[in-house]
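What follows is a set of notes on a single structure, which appears directly below.
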Amino acid sequence: MNFSEEIKRIRQRSFLTQQDFAKKIGVAFSTVNRWESGRAKPNLKAMKSINAFCLENNIPYETIEEAWLNYKIEK
């Protein structure tokens, strides 16, 4: 899976809207929207927040981290 699919998967697995997920990890709604559409890549600070979210919600982080490391922004 690519990063945009992974971020959407963990958000939906938690039954959150993009808006609610953005609040939980401390970013703007538009940021989550850009991640899910493949137009942007999270910075390290955002990835730390996503990791903390995954730990709190018992969601495996390794697959999303792998997708982030291999991520290429779609044009």
Please determine, by modelled atom types, if [X] and [Y] share a side-chain donor-acceptor pair under 3.5 angstrom.
| X | Y | answer |
| --- | --- | --- |
| Ser4 | Arg39 | no |
| Ser30 | Asn33 | no |
| Asn70 | Glu66 | yes |

To the nearest 0.5 angstrom, please state how far the [atom1] atom of [X] sits from the [atom2] atom of [Y].
| X | Y | atom1 | atom2 | answer |
| --- | --- | --- | --- | --- |
| Ile7 | Trp35 | CD1 | CH2 | 5.5 Å |
| Glu65 | Thr63 | CD | OG1 | 9.5 Å |
| Ile50 | Ile25 | CD1 | CD1 | 4.5 Å |

So which heavy atom on [X] is nearest to which on [Y], and how close?
| X | Y | result |
| --- | --- | --- |
| Leu16 | Asp20 | CD2-CB, 3.9 Å |
| Asn58 | Arg13 | O-NH2, 3.9 Å |
| Pro60 | Cys54 | O-SG, 4.5 Å |

Query - Short N-O contact, Lys8 and Glu5, less than 4.0 angstrom - result: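 No, Lys8 and Glu5 are not salt-bridged.
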
Query raised in the report: Do Arg11 and Glu36 sit within salt-bridge range, that is, some charged N less than 4.0 Å from a carboxylate O?
Result: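 Counted as a salt bridge, because a side-chain N and a carboxylate O are separated by less than 4.0 Å.
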
Query - same_hphob_cluster(Phe15, Val32) at 4.5 Å side-chain heavy-atom cutoff - result: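 The answer is no; the residues belong to distinct hydrophobic clusters.
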
Report task. Report yes or no: does Thr31 contribute a side-chain atom to a donor-acceptor pair with the main-chain N or O of Val27 at less than 3.5 Å? Result ->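 Not at all, since once roles are kept as given, no pair shorter than 3.5 Å links the two residues.
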
Query raised in the report: So, does Tyr71 use its side chain to make a donor-acceptor pair with the main chain of Ala40 at under 3.5 Å?
Result: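 Here the side-chain-to-backbone pair exists.
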
Query - Lys41 charged N/C atom sitting above Trp68 aromatic ring, 6.0 Å / 45° - result: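 Pair Lys41/Trp68 counts as cation-pi.
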
Query raised in the report: Under 6.0 Å between ring centres, would you say that holds for Phe53 and Phe21?
Result: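 Here the rings of Phe21 and Phe53 have centres that are less than 6.0 Å from each other.
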
